[in-house]
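Contents: one structure, followed by commentary.
Note that these values count all heavy atoms, side chains included, but never hydrogens, waters or copies made by symmetry. Being a predicted model, the structure only gives us computed values, none of them experimental. All residue numbers in this chain count up from 1 along the given sequence.
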Amino acid sequence: MSKLKSFVCILLMGIVMVTQAQTQQGYVKTLGRNNKPGVALGGVSVRVRGGHNAVLSGPNGKFSIQLVGKKPGDEYRLQQVQKQGYELKEKEVIGRPYAYSTTVPLTIVMVSPKAHQEELQRIENGIYAAVGNKYKKDLVSLEKQKENNKITIEQYRQQIRELQDNFEKAQGLIESLAEHYACVDYDYLDDKEREINSCIENGELDRAEQLLQQLDVEKRLAEIEQRIKAGNRLLAEANEEMARVLKQQEKDAEYLYQLYTFALARFDNEKARFYIETRAALDPANVKWQIEAGEFLQEYLSDYKGAKGYYEKAFKSCQARYGAKSYEMTECYVALGNAYYYLGKYDDAKKMYIKALEGRKQLYGEVHESLVEPYCCIGNIVFAQTQYDKTSAREYYQKGLDICNATKGENHKEIASCCYCLGLCDFSTGVLHNISDEKLSQKEISDAVYELKRAIEIWQKKRGENNSNIAHCYKAIGDIYMQMMDFKQAIAYNEKAVSIWKQMFGDIHVTLSDAYFSLGSIYSSIPDYDKGIYYYQQSLKIREQLLGADHPKAIAAKKEIESLNSEIKMKAKLSGEDSFKKAIEYMNHKEYKKALELCEKIVTQLKKEDESSPEVANVYSFMGMITSMMGDRQGAIGYYNQALLIWEKTDTAHHHEAAVSYLMAGQLFLLDEQYSLALQYGTAAIEIFSELEDVDLLNLANCHSLVGKASLMTGDLQNSKEHLEKAIKIQTEVKGGVDKDTKDLQTILEAVNQYIEKNKKQS
């Protein structure tokens with residue numbers, strides 16, 4: 001009996017020993033912040049992938065996970081970590097491989113979403129204010145240098161554009177900086193490190209930099225460089241040495257990130273690049289550091305190939321360290337997708353985003369906050385690839401918004417971004433459907449205004465009114481009301497955008513010049529020519545100062561001013577406005593001879609002042625239309641050519657009326673079987689329409705149709721095919737379906753394709 005007892009005891013001891021050998025100890029705590037240390041967190045549900053049951057952390061934050069069949073060093077992954085009112089500090093914890101250890105506990109850090117958002121907002125505001133103040137000081141300094149002739153006008157233009165560009169890009173990176181510092185665990189910092197981080201978080205960047213300088217930057221950087229060179233050898237040494245090296249590596253990385261923050265705040269691209277790339281070199285296998293280095297090159301320097309190189313390093317490291325089914329791998333897919341997107345390789349970008357989406361669905365299911373990013377990225381690709389109808393892109397943005405609403409609460413920044421994208425989609429499709437379905441168009445435009453206003457409301461709560469995102473929303477709403485011919489609202493929203501951009505950038509900025517240009521267009525349409533000219537002049541003043549008088553944007557503003565001055569002169573010369581209206585009235589009543597006779601009198605009166613004035617060209621173009629309706633093709637072509645000759649002489653050929661004249665004359669040449677001339681005029685019309693800011697889609701389609709038919713008759717089948725396909729695509733999207741004209745083009749295209757196939761077989 002005693003032998004039996006001994007055997008049972010030995011057996012039980014063996015079971016206990018095996019159980020102990022297969023138990024991973026763990027500890028859950030809250031994030032330690034300044035003046036608020038982290039505390040143990042009980043009641044956290046932790047489940048290992050492949051495990052049947054979750055375990056709960058005790059009041060002391062400790063938990064034990066049974067890892068059946070594992071031995072020390074074997075890999076395991078977490079599938080779930082949950083506690084109501086808390087979320088993981090790093091979502092990458094799920095799916096990341098961990099090495100089973102009998103001595104080192106797994107530490108999990110969780111945060112309260114509400115407290116985390118408050119910290120984020122506080123830190124963002126602090127850094128944002130510091131960057132804004134630095135921008136204003138640098139702007140004043142540049143103005144003084146220009147006034148005192150210490151820099152040339154060209155140097156001033158270049159430096160002010162660089163400063164404004166850097167300021168805008170720095171604003172875009174502030175959120176990632178804030179996210180970094182909001183996740184710093186103060187429990188592991190010494191007194192000096194705590195003070196430096198606290199200063200950064202409060203926007204006291206100068207004070208933080210002074211404290212950091214006391215640590216002897218040059219010496220510290222030299223030591224880091226030596227450690228980078230010795231990195232591979234040190235990491236190959238014993239475990240206790242490796243732990244020490246890794247701890248030092250984290251310290252070095254944080255030090256470099258702080259220096260990077262200061263460089264960004266000073267708009268010092270060169271140093272910022274050095275610090276973030278040195279950090280990446282500390283550990284080439286660190287996926288996060290490689291991606292963040294790539295993001296800086298991408299967002300701040302527009303070095304997309306360089307960024308792609310870092311993303312590819314991260315991808316290779318991720319494959320080796322975390323495997324294909326990890327959150328880190330999905331981040332690599334998103335990063336590579338971004339690089340391809342900026343390089344214009346949309347199909348490759350879309351493949352990457354889809355892989356990221358599928359990977360995150362496998363990790364977290366169909367409804368999770370991490371899915372918003374890939375959904376919206378795919379939406380961006382579809383938006384970029386579809387020239388007119390943005391409905392397909394809208395579907396992806398809507399999925400992103402639905403998940404945002406379900407997982408992030410009603411006032412999250414990503415909801416605002418989704419709403420902004422949806423607003424742009426609804427606006428573009430609403431304008432298209434205005435031709436084919438007025439009710440649908442009105443609903444889509446109304447939806448666009450609603451989405452944009454919702455985005456404004458969220459961004460206002462986040463950082464107040466002076467936010468570039470809000471200004472862009474106001475500008476978009478102004479454009480919508482302009483389209484709806486509600487000029488009062490269009491002016492009000494554009495003025496709001498102007499007010500914000502002036503607060504942010506001062507009186508000189510290209511974005512501000514664009515808003516002034518829009519106001520000029522609106523007032524010209526009312527028409528209030530005096531105010532129209534005033535705003536065009538404001539736009540021109542900025543564009544000449546920043547871009548130079550020969551820049552296309554400056555020339556566009558000059559031409560609008562000249563056009564309005566011509567309109568004013570025309571009114572002054574004629575009892576004229578009434579005469580021209582009368583001519584239009586005659587034409588509408590099919591009294592073509594009377595209309596033509598009246599136009600001839602108007603032209604005679606205008607020529608007494610200036611034979612080559614643009615208003616004479618406008619009347620000639622109108623006479624071409626009337627003569628065409630009378631059935632006199634050659635006479636109509638003659639009038640169109642007279643108009644075009646004046647526009648070309650006065651350097652005003654690249655505008656809507658000139659494009660229409662080329663198109664109308666080209667169609668007449670086609671009817672007269674003068675196919676080469678039809679092709680020449682149609683191509684000229686396409687070039688002008690393509691350059692205009694507000695593209696006349698139906699006339700552009702008519703141009704492609706003209707060139708497609710003329711090319712067919714001249715024997716250029718491939719050119720015919722390309723232009724017919726473009727005409728069909730535009731007409732289908734604009735009209736919301738296939739009408740008789742589009743069917744006729746499809747019939748011609750089928751014949752062209754048959755000819756092409758026949759020629760291939762014969763050759």
Side-chain angles (χ1 to χ4, degrees), residues 524 555-556 559-560 562-564 566-567 569-570 576 579-581 583-584 586-588 592 595-604 606-607 610-711 723 726-727 730:
S524 301
I555 292 169
K559 286 184 177 178
E560 293 298 337
E562 289 167 4
S563 177
L564 286 186
S566 294
E567 291 278 347
K569 286 178 185 176
M570 187 172 177
S579 299
F580 200 70
K581 283 182 178 177
I584 293 171
Y586 281 140
M587 187 193 72
N588 289 337
Y592 300 129
L596 200 58
E597 287 170 3
L598 188 52
C599 283
E600 285 170 351
K601 290 179 182 178
I602 294 171
V603 165
T604 301
L606 289 171
K607 278 186 171 182
D610 183 0
E611 285 190 351
S612 298
S613 68
E615 50 264 33
V616 173
N618 285 331
V619 180
Y620 273 138
S621 179
F622 183 62
M623 292 170 76
M625 188 187 304
I626 296 168
T627 311
S628 176
M629 290 177 177
M630 294 170 70
D632 182 358
R633 292 177 192 162
Q634 289 304 313
I637 289 170
Y639 282 123
Y640 285 131
N641 279 332
Q642 286 185 75
L644 289 167
L645 189 62
I646 292 171
W647 282 323
E648 286 169 2
K649 279 183 180 177
T650 55
D651 195 29
T652 55
H654 286 265
H655 60 85
H656 184 270
E657 289 79 7
V660 171
S661 293
Y662 274 121
L663 171 62
M664 300 294 282
Q667 289 175 332
L668 294 173
F669 281 128
L670 186 70
L671 290 172
D672 274 357
E673 299 182 7
Q674 298 182 64
Y675 302 124
S676 296
L677 286 170
L679 185 61
Q680 178 186 328
Y681 276 63
T683 302
I686 289 172
E687 288 176 2
I688 297 172
F689 277 128
S690 299
E691 289 176 2
L692 298 176
E693 290 185 16
D694 297 320
V695 181
D696 184 340
L697 295 176
L698 278 180
N699 270 331
L700 180 59
N702 290 333
C703 291
H704 284 300
S705 172
L706 169 63
V707 172
K709 292 172 183 175
S711 296
H723 284 280
K726 287 177 181 177
I730 296 170

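- With contacts defined as side-chain heavy-atom distances shorter than 4.5 Å, the pair Thr683/Ile686 does not qualify.
- Annotation: the span from Ser621 atom OG to Tyr639 atom OH amounts to 12.5 Å, rounded to 0.5 Å.
- Counting heavy atoms from C-beta on, the side chains of Tyr681 and Leu663 never come closer than 4.5 Å.
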Go through the steps for Asp672 and Gln634 under the test side chain to side chain contact (heavy atoms under 4.5 Å, CB included), then give the verdict.
CA-CA 9 Å; Asp672 274 357; Gln634 289 304 313; 2.7 Å; yes
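- Under the 3.5 Å distance criterion, the side-chain polar atoms of Thr604 are matched with a main-chain donor or acceptor of Glu600.
- Pairing each heavy atom of Trp647 with each of Ala658, the nearest pair is CZ3-CA, 3.5 Å.
- The heavy-atom pair separating Ala583 from Ala595 by the smallest distance is O-CB, 3.5 Å.
- Remark: Ala684 pairs with Tyr662 by the side chain to side chain contact (heavy atoms under 4.5 Å, CB included) rule, at least two apart or across chains.
- Heavy atoms only, all atoms of each residue included: Phe622 and Cys599 are closest at CD2-SG, 3.5 Å.
- With rounding to the nearest 0.5 angstrom, the CD atom of Glu687 is 10.5 Å from the SG atom of Cys703.
- Side-chain contact between Met587 and Met625: present, with at least one pair of heavy atoms (C-beta onward) separated by less than 4.5 Å.
- Expressed to the nearest 0.5 Å, how far CG of Leu679 lies from NE2 of His723 amounts to 7.5 Å.
- Met623 CE to Met630 CE: the interatomic distance, rounded to the nearest 0.5 Å, is 10.0 Å.
- For NZ of Lys607, the number of neighbouring non-hydrogen atoms (other residues, nucleotides, ligands) closer than 6.0 Å is greater than 12.
- Here the closest non-hydrogen pair linking Tyr592 and Ile626 is O-CG2, 3.6 Å.
- Between the CG atom of Asn699 and the CG atom of Leu706 there is a distance of 11.5 Å, given to the nearest 0.5 Å.
- When all heavy atoms of Ala727 and Ala701 are compared, the closest pair comes out as CB-O, 3.5 Å.
- Expressed to the nearest 0.5 Å, how far CG of Leu668 lies from CG of Asp632 amounts to 9.5 Å.
- Looking at Ser661, its side chain does come within 3.5 Å of a backbone N or O of Glu657 through a donor-acceptor pair.
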